[in-house]
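Presented below is the structure to which this report refers.
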There are 2 protein chains.
Amino acid sequence: MALDHAILVSLTERAASGYDLARRFDASIGHFWPASHQQIYRVLARMQEAGWVASTVQEQDGRPDKKTYAITPAGEAELNRWAAGPSGREAVRSDFAVKLRGFRDRDAIIADTRVRRADHVARLTEYEASEARFYPDPSALEGADLGAWLALRGGIHTERRGIEWCDEILTALEGPGSR
Amino acid sequence: MALDHAILVSLTERAASGYDLARRFDASIGHFWPASHQQIYRVLARMQEAGWVASTVQEQDGRPDKKTYAITPAGEAELNRWAAGPSGREAVRSDFAVKLRGFRDRDAIIADTRVRRADHVARLTEYEASEARFYPDPSALEGADLGAWLALRGGIHTERRGIEWCDEILTALEGPGSR
DNA sequence: TGGCTCATGTAAGGAGTTACATGATTAA
DNA sequence: TTAATCATGTAACTCCTTACATGAGCCA
């Protein structure tokens with residue numbers, strides 16, 4: 001059900017079409033809760049039926065009509081209800097850890113680890129650039145900005161520990177100095 | 001499909017019934033790929049049909065019959081095939097990060113963060129105890145043991161960064177010194 | 001001419017969760 | 001006598017993924 005709330009949070013920041021939301025999810029919220037456009041359209045339809053969002057259609061020339069969704073008071077109430085409750089522990093599901101655990105193909109693991117490391121570095125770079133750009137003075141943050149910054153910090157920690165882990169794996173499998 | 005491979009890895013270590021596997025998942029492999037007994041029974045049935053595992057039934061007095069599953073050569077081949085390929089990046093889905101991002105209820109977030117922190121500490125303690133007990137001399141490890149240790153290291157890194165993140169959140173929301 | 005962006009969806013299937021079901025033994 | 005452990009499953013449901021579908025404009 002958390003996709004519902006992720007969409008509501010995003011709509012609180014600004015009304016949007018399904019298409020817009022899909023792009024936002026690719027760029028920002030999706031780092032914490034990825035979603036495809038197909039899923040987003042389905043959930044929007046469901047939430048409209050529940051009265052949590054309302055849509056207005058805009059015609060556009062040369063382009064398909066655009067349905068813009070906005071959060072309703074009922075949607076706000078639902079967000080508040082959800083925000084007040086505890087969040088569940090998220091399940092860790094790592095194909096990679098299972099593969100390590102079943103240790104069979106040293107070279108495949110090394111290759112895999114290198115790819116993962118590069119991926120972590122890329123995302124860390126992206127997060128750090130966002131942090132420098134949008135939150136240069138964290139001690140001055142309040143409310144929504146503070147929350148968004150803390151969420152970003154979570155991403156930064158995740159990527160850093162991912163790099164550390166990859167380095168440990170590479171050191172153990174290839175010996176130090178060969179990376 | 002990775003539950004299939006997690007079960008196969010576990011069966012490689014030792015043949016087991018669905019019930020045994022469910023307990024093993026609760027205790028160890030499940031830290032990287034949680035699974036309920038219902039799921040495990042379903043996957044075992046599917047893998048038996050595919051010829052990846054074979055079962056023998058043992059009668060027991062005073063207790064229900066026990067179906068013990070073992071991996072077959074076809075299952076070994078499948079595991080090797082899977083181990084040689086790259087592993088996908090796992091999707092991060094964090095209810096908690098979405099909640100932070102939508103920052104609405106400071107007290108609820110603080111309470112939530114404290115619970116999460118305690119949870120991370122508990123698991124970290126467990127992992128560190130396992131490490132000290134089973135892998136006192138990591139530099140001497142090889143093969144399957146090395147893989148299992150590296151997987152455990154991943155868990156340790158995850159919990160540590162989880163604690164760091166929680167501390168950062170609590171510091172930002174309550175100010176330093178009040179924790 | 002071929003692919004990208006904008007914009008909306010449907011449909012089928014795989015994976016995971018939750019609830020239900022049965023039945024004997026053993027420990028508090 | 002109540003609950004937990006051992007041991008097996010079925011059924012319904014939600015959620016996510018992948019593939020398919022349409023159609024106009026724009027850039028190389």
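Throughout, protein chains are lettered first and strands after them, A, B, ... in sequence-line order, and every chain is numbered starting at 1.
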message: Without decimals, in angstroms, what is the distance between A:Glu90 CD and D:dC16 P?
response: 14 Å
- request: For each nucleotide in nucleotides 10-17 of chain C, reading 5' to 3', give B when a protein heavy atom comes within less than 4.0 Å of its base, S when such contact involves only the sugar-phosphate, and - otherwise.
  value: B----SBB
message: Quick check against the 3.5 Å criterion: does B:Ser10 have a side-chain atom that pairs as donor or acceptor with the backbone of B:Ala6?
response: no
- prompt: Is the centre of the A:His37 ring less than 6.0 Å from the centre of the A:Phe25 ring?
  reply: no
task: For D:dC6, take OP1 and OP2 only and decide whether either is under 4.0 Å from a side-chain N or O of B:Arg23.
output: yes
message: Quick one: does any side-chain atom of A:Ser17 pair with a main-chain N or O of A:Lys66 as donor and acceptor, under 3.5 Å?
response: no
query: In degrees rounded to 10°, what angle is found between the helical axes fit to the five outermost pairs at each end of the helix from C:dT1-D:dA28 to C:dA28-D:dT1?
result: 30°
message: Please check: side-chain N/O of B:Thr68 versus main-chain N/O of B:Ala16, any donor-acceptor pairing under 3.5 Å?
response: no
field: Within residues 7-21 of chain B: residues closer than 4.0 Å to DNA chain D (heavy atoms)
entry: B:Ser17, B:Gly18, B:Tyr19
query: Atom CD of A:Gln48 to atom P of C:dT8: distance rounded to whole Å?
result: 12 Å
message: Under a 4.0 Å threshold between the charged nitrogen and the carboxylate oxygen, would B:Arg116 count as salt-bridged to B:Asp112?
response: no
- request: With the side chain of A:Lys67 defined as its heavy atoms from C-beta on, choose the nearest nucleotide among C:dA7, C:dT8, D:dC6.
  value: C:dT8
field: Nucleotide nearest B:Lys66 when distance is taken to its side chain, options C:dC6, C:dA7, D:dA7
entry: D:dA7
field: salt_bridge(A:Asp20, A:Arg14) N-O dist < 4.0 Å
entry: no
query: Over how many whole Å does the gap from A:Asp26 atom CG to C:dC6 atom P extend?
result: 12 Å
